[in-house]
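These notes are about the structure you will find just below.
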Amino acid sequence: MVLEVGLIDVTTGSEDDFATAYRTARELLTDTPGCRSVRMTRGVESPSRFVLLVEWDSVEAHEKNFRASDRFARWRGLIGPYFAQPPRVEHFTDLA
């Protein structure tokens, strides 16, 4: 299992619209083969900053089943207009 962590800064003033768009787009992730769980959090001190946490079976499941599919284009089309800058996305694994 790998954890995808996405740091997302949205344009100030569009936070509620972003959250609404995310709720619509979330299903595109949850229905992707290899996706185990999805969670979006919002900053307390920085309310325009969001953190996306997605558990995948593997990096390959994320890249091939989502990023290389039309799901990703639809996902970006829904939430991308609110980005202040491109998100920073990395994968992590648990320590043994």
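Ala25 and Ile79 get closest at one heavy-atom pair: CB-CG2, 4.1 Å. The two residues Ala61 and Gly34 have their closest heavy-atom pair at CB-CA, 4.1 Å. Of all heavy-atom pairs spanning Ile8 and Pro87, the tightest one is CG1-CB, 3.9 Å.
Contact annotation: the side chain of Leu7 approaches that of Val51 to within less than 4.5 Å [non-hydrogen atoms, C-beta and beyond]. Between Leu78 and Leu28 the shortest side-chain heavy-atom distance falls below 4.5 Å. When side chains are defined from C-beta on, Trp56 counts as touching Thr32, because their heavy atoms get closer than 4.5 Å. By the 4.5 Å heavy-atom criterion applied to side chains, Glu15 and Val10 are counted as neighbours.
For Asp31, the CG atom sits in a packed shell: over 12 heavy atoms of surrounding residues, nucleotides or ligands are nearer than 6.0 Å.
Cluster annotation: Val59 is connected to Val54 through the hydrophobic network of ILVMFWY side chains, with a link wherever side-chain heavy atoms come within less than 4.5 Å. With hydrophobic clusters built from ILVMFWY side chains whose heavy atoms lie under 4.5 angstrom apart, Val5 does not share a cluster with Tyr22. Both Phe83 and Leu52 belong to a common hydrophobic cluster when Ile, Leu, Val, Met, Phe, Trp and Tyr are linked at side-chain heavy-atom distances under 4.5 angstrom.
No donor-acceptor pair under 3.5 Å is formed between the side chain of Ser46 and the backbone N or O of Gly43.
A cation-pi arrangement is absent between Arg71 and Phe66, since the terminal nitrogen or guanidinium carbon is not both under 6.0 Å from the aromatic centre and inside a 45° cone about the axis.
Salt bridge status for Arg42 with Asp16: present, with a side-chain N to carboxylate O gap under 4.0 Å. Between Glu60 and Lys64, at least one side-chain nitrogen of the basic residue sits less than 4.0 Å from a carboxylate oxygen of the acidic one, meeting the salt-bridge criterion.
Using the six-membered ring where Trp is involved, Phe50 and Phe18 have ring planes that are tilted, between 30° and 60° apart.
Separating the CE atom in Met1 from the CZ atom in Arg36 is a distance of 6.0 Å, to the nearest 0.5 Å. Note: Glu63 CD to Phe72 CZ = 11.0 Å, rounded to the nearest 0.5 Å. With values rounded to the nearest 0.5 angstrom, Trp75 atom CH2 is found 14.5 Å from Asp70 atom CG. Once rounded to the nearest 0.5 Å, the distance linking NE2 of His91 with OG of Ser58 reads 9.0 Å. Between the CG atom in Leu3 and the CD atom in Glu55 there is a gap of 6.0 Å [rounded to 0.5 Å].
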